[in-house]
Amino acid sequence: MSGPSTPVPPPPAAGPDAPAPWWRTSPARLVAVAAVPLLGALDERAGFVMLLIALVLLWRGDAWPTRGKVFGTVAAAALLGGVLPAQPRSGADPAASSEGTARPAVSAPAFGATVPATAPATPAVPVEKMTDFVGKRLDVAFSRSRKRGHEVRYHDASAEAREVSARSLWTVCFQTPAPGTVMTANGVVEFGAVRTGEPCPAREGGAVPWPRMPDLVGKTWPAARTAALALGVPEWRVRAEAAYLNDRLPDEGAYDDWRVCRQEPGEGSEVREDDGVTLSLSSPENGCPDPDRGHAVRLPDRDGDGDPDYRDPYPRDRNRDTSFPDGRPHYGGSDGSSGGGSDRGGWSPCRHTRWC
């Protein structure tokens with residue numbers, strides 16, 4: 001009598017396929033193809049070796065279809081051919097010109113004649129004349145000089161020794177070598193520059209020669225304005241104002257005979273590119289205020305309406321001036337009607353405001 005039979009365990013289920021080695025993956029094949037021209041540009045033999053490695057990775061295994069393997073092979077070979085130096089054609093003279101210029105015929109020396117020794121040929125170094133960049137923007141001088149193979153340096157040409165941070169905002173004042181100097185194509189060029197709008201110093205490292213403000217006191221407005229514009233001050237930065245505190249300028253063109261009483265900046269001051277000029281004017285009949293009294297000087301105003309007597313048609317009537325020749329308006333009254341010439345009992349701009 002036989003014993004109980006031992007159950008046989010079922011065979012283990014098939015597990016997932018083991019992952020392929022890294023060098024057989026698609027990213028590894030692409031990296032190998034891309035490395036072919038990189039190594040070929042450095043060394044021809046290294047490029048060929050990398051090409052063989054790439055072909056092995058492409059064709060070993062069945063990860064890629066045949067069409068992809070063929071495309072990868074052609075791409076790797078084409079990339080390598082693109083970086084290799086061109087070889088001279090067989091039988092062609094490498095020293096011959098690309099334009100097909102005929103070489104001069106060389107005759108054989110006569111029997112027994114002495115052949116003079118010739119010096120070895122030296123490669124010709126390209127030379128050129130230095131371009132004049134004075135007055136041009138520094139970024140233009142920098143880019144053109146770099147394109148010609150020069151090493152370019154630059155610095156602040158003034159005594160302030162500022163850092164040149166934005167080349168497009170600087171202008172060349174000095175250059176080394178000087179314009180017209182014959183130099184090799186790989187020479188060193190240095191520019192001394194100042195900020196655009198500044199005048200160039202008289203010499204390298206000198207002070208910026210800003211113009212000085214002349215004495216404009218006593219000149220008429222047109223003459224003083226012309227002198228200020230000649231300093232390089234923009235037209236919109238030359239401003240006129242009345243010299244007296246309670247005076248005002250007439251319409252433009254009506255004060256051409258007015259003369260300068262004060263000026264800002266003062267005589268002898270530097271006028272920089274961002275500075276403005278202010279000219280305080282007075283009419284010929286009033287003259288200039290006493291300088292010892294400062295700037296808060298007023299013209300006579302007997303009725304105290306804010307209109308100087310010389311321009312007030314009613315110098316003794318506080319209620320009438322150049323702005324209100326028929327009288328200042330009055331609003332309201334004790335009985336609800338307009339004042340008609342008197343401001344008693346109602347609101348008046350002279351009594352209730354600071355207009356008068």
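When a residue number appears, it is its place in the shown sequence, counting from 1.
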Is any side-chain heavy atom of [Y] closer than 4.5 Å to one of [X]?
| X | Y | value |
| --- | --- | --- |
| Y255 | E252 | yes |
| Q175 | D132 | yes |
| L281 | V260 | yes |

Exercise for the section: For R203, look at atom CZ and say whether over 12 heavy atoms of other residues, nucleotides or ligands are found less than 6.0 Å away. Expected result: no
[X] side chain to [Y] main-chain N or O, any donor-acceptor pair under 3.5 Å?
| X | Y | result |
| --- | --- | --- |
| D275 | R272 | yes |
| T220 | D257 | no |
| Q263 | L216 | yes |
| R259 | G218 | yes |
| E267 | V217 | no |

Find out if a path of hydrophobic residues (ILVMFWY) with successive side-chain heavy-atom gaps under 4.5 Å connects [X] to [Y].
| X | Y | value |
| --- | --- | --- |
| L169 | V140 | no |
| V238 | L249 | yes |
| V31 | F48 | no |
| V172 | V208 | no |
| V189 | V194 | no |

- Item | Pair R262-E264, salt bridge (Lys or Arg N to Asp or Glu O under 4.0 Å): steps then yes or no | CA-CA 7 Å; R262 296 187 303 272; E264 182 65 34; over 6 Å; no
The single option from E190, R162, E163 that satisfies side-chain hydrogen bond (donor to acceptor under 3.5 Å, both in side chains) with H155 is E190
* To do: Test R144 against E128 for salt bridge (Lys or Arg N to Asp or Glu O under 4.0 Å), laying out the working first.
  => CA-CA 13 Å; R144 292 184 181 178; E128 60 181 7; over 6 Å; no
Nearest heavy-atom pair of [X] and [Y]: which atoms, and what distance?
| X | Y | answer |
| --- | --- | --- |
| C288 | Y244 | C-OH, 3.3 Å |
| F191 | S145 | CZ-OG, 3.6 Å |
| S282 | A243 | CB-CB, 4.2 Å |
| P211 | L231 | CG-O, 3.6 Å |
| L299 | Y310 | CD1-CE2, 3.5 Å |
| P201 | F174 | O-CZ, 3.4 Å |

Could you measure the distance from the [atom1] atom of [X] to the [atom2] atom of [Y]? Nearest 0.5 Å is fine.
| X | Y | atom1 | atom2 | value |
| --- | --- | --- | --- | --- |
| E273 | T196 | CD | OG1 | 8.5 Å |
| E160 | R195 | CD | CZ | 7.5 Å |
| K219 | L279 | NZ | CG | 11.5 Å |
| R225 | E235 | CZ | CD | 4.5 Å |
| R148 | M130 | CZ | CE | 8.0 Å |
| D307 | D301 | CG | CG | 7.0 Å |

Indicate the ring-plane relationship of F142 and Y154, choosing parallel, tilted or perpendicular according to the 30° and 60° boundaries. perpendicular
Checking V152, T171, V164 against L138 for side-chain contact (heavy atoms from CB on, under 4.5 Å), the one that qualifies is V164
